[in-house]
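Below: the structure, in C-alpha cells.
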Amino acid sequence: MPIKVIAFDADDTLWVNEPFFREAEEKFASLLEDFMPQHAIMKELYRTEIDNLGIYGYGIKGFMLSMIETAMRISDHKMPIRIIEKIITIGQEMLQKPVDLLPGVEEVLKSLNGDYRIVMATKGDLVDQERKLKISGLEKHFHHIEIMSEKRVSDYDKLIRHLDIDPSEFLMLGNSLKSDILPVLELGGYGIHIPFHITWAHEMVEHEVEHERFFELENIGQAAEVIRKIG
C-alpha cells in the first residue's frame, strides 16, 4: 500500500531540545559539587529521572522535580533552601528557551504537504510541547497533533487506528531509534531515523537496526526524496 501518513517527532527532529537538558544538568551539578563530584551527581540525577518516569513522564517539569529529589538525597537533606530556588530557576529558564528549528525542517514539511497527511507525534509535557509548536510556526503544516505520554507499540497502534489507516501506510521520522523507529517497524510501518548529535542515554539503542522498511539519513532535508521513492 502507498504511504498515506507521515509522522514527525518534535524534540531534536524538528527543533533543538536535548542540549538544553545537558546545559541544565551541568548547572545542577555545579550547584551541588560540595556534596559529591559532578560526574557522580549527573549519574544520580539520571537514576532519579528513570525511577520517576512512571510518575512524572517526560518533560521539563518532571526533570525539575527529579533535580530537587536528587539534591535532597545526595545532601542528606542538608542543602540550603537557596539551592532549591536555583533549581527552580534552572527549570523556568528551560521552559522559556527559544524554539530553534533544525535546518531544512520547514522546507520538507512544505514539500510533503498536499501529497500526504502530515502528523506530529511526540512525547513530553503537554503544555510545553504545545508552547513550542505554537512558537515554531509549524502548526499549520500538521493534519493532526499527537502528544503522547510514551511511545510504545500500543501507543502507535492507537494513533494509527485513530488515523484510520493500515500500519503499512504509516511512516515515522525521528531521532530516537527506541521511541520513534522500532515500535513502528514492529507494527508494520516505515521508519526514517535522523540522528541528532546528542542523544539522552535512556533513548540509546546499542544494536544495529536492519529492516527492509528502515532508512537512516544524515539530515531531514533528504527526507522528501526518500519518502517519494518508498511510495
Side-chain angles (χ1 to χ4, degrees), residues 3 5-25 42-63 66 94 102 105 108 118-126 128-129 132-133 144-163 167-168 170-220 222-223 226-227 230:
I3 293 168
V5 175
I6 300 171
F8 288 81
D9 173 52
D11 292 336
D12 299 318
T13 299
L14 300 178
W15 51 65
V16 175
N17 179 66
E18 187 61 23
F20 299 143
F21 280 86
R22 295 296 174 90
E23 179 186 358
E25 288 170 0
M42 290 188 182
K43 287 183 180 179
E44 287 296 314
L45 175 58
Y46 178 71
R47 180 164 70 90
T48 308
E49 287 182 85
I50 299 306
D51 288 345
N52 287 337
L53 279 179
I55 304 171
Y56 304 142
Y58 298 87
I60 294 171
K61 294 169 189 173
F63 178 65
S66 290
M94 292 176 72
L102 291 169
V105 164
V108 166
I118 309 297
V119 169
M120 190 181 89
T122 192
K123 63 184 178 184
D125 178 79
L126 176 63
D128 188 39
Q129 295 292 47
K132 288 189 284 189
L133 179 59
H144 176 74
I145 308 295
E146 189 81 9
I147 300 174
M148 305 154 143
S149 58
E150 188 54 273
K151 282 182 166 180
R152 298 160 296 206
V153 171
S154 58
D155 300 297
Y156 282 106
D157 182 56
K158 180 180 177 182
L159 171 60
I160 289 169
R161 284 189 284 109
H162 173 78
L163 294 167
S168 65
F170 182 82
L171 184 148
M172 179 75 193
L173 296 94
N175 68 295
S176 171
L177 288 169
K178 179 180 178 181
S179 293
D180 301 322
I181 306 301
L182 295 179
V184 174
L185 294 179
E186 185 172 337
L187 277 171
Y190 291 83
I192 294 181
H193 182 224
I194 306 171
F196 190 66
H197 67 279
I198 301 176
T199 302
W200 187 31
H202 183 63
E203 297 291 341
M204 298 290 284
V205 171
E206 298 299 329
H207 64 275
E208 293 287 329
V209 178
E210 294 185 7
H211 197 288
E212 61 182 2
R213 295 189 302 276
F214 171 72
F215 304 84
E216 187 166 84
L217 305 180
E218 292 182 2
N219 60 73
I220 201 167
Q222 302 169 320
V226 171
I227 290 168
I230 295 170

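From a predicted model like this one, the values you see are computed outputs, not experimental measurements. Hydrogens, waters and symmetry mates are skipped; everything else that's a heavy atom, side chains included, is used. Residue indices begin at 1 and follow the sequence shown.
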Closest non-hydrogen atom pair between [X] and [Y], with its separation:
X      : Y      : result
Ser168 : Ile3   : O-CG1, 4.5 Å
Val108 : Ile220 : CG2-O, 3.1 Å
Tyr156 : Ser179 : OH-O, 2.7 Å
Phe20  : Met94  : O-CE, 4.0 Å
Ala121 : Met172 : O-CE, 3.4 Å
Pro19  : Phe196 : CD-CE2, 3.6 Å

Side chains of [X] and [Y], heavy atoms from C-beta outward: is any pair under 4.5 Å?
X      : Y      : value
Phe21  : Ile60  : yes
Tyr58  : Asp125 : no
Phe8   : Leu171 : no
Gln222 : Ile194 : no
Ser66  : Glu49  : yes
Asp180 : Lys151 : yes
Phe214 : Ile181 : yes
Arg47  : Asp51  : yes

Problem set entry | Trace of the side chain to side chain contact (heavy atoms under 4.5 Å, CB included) decision for Asp11 with Lys132 | CA-CA 9 Å; Asp11 292 336; Lys132 288 189 284 189; 2.9 Å; yes
Exercise. Within the distance-only criterion (no hydrogens, no angle test), does the side chain of Thr48 pair as donor or acceptor with the backbone N or O of Glu44 below 3.5 angstrom?
Worked result: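 Present.
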Problem set entry | Check: Asp9 side chain, Thr122 main-chain N or O, donor-acceptor pair, under 3.5 Å |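 Here the side-chain-to-backbone pair does not exist.
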Under a 3.5 Å threshold, yes or no: a donor from one side chain and an acceptor from the other, between [X] and [Y]?
X      : Y      : answer
Ser149 : Lys123 : no
Glu203 : Asn175 : no
Tyr46  : Glu25  : no

For this session: Classify the angle between the aromatic ring planes of Tyr190 and Phe215 as parallel (below 30°), tilted (30 to 60°) or perpendicular (above 60°).
Result: parallel
Exercise. Could Asp155 and Lys158 be called an ion pair, given the rule that one side-chain N must be under 4.0 Å from one carboxylate O?
Worked result: no
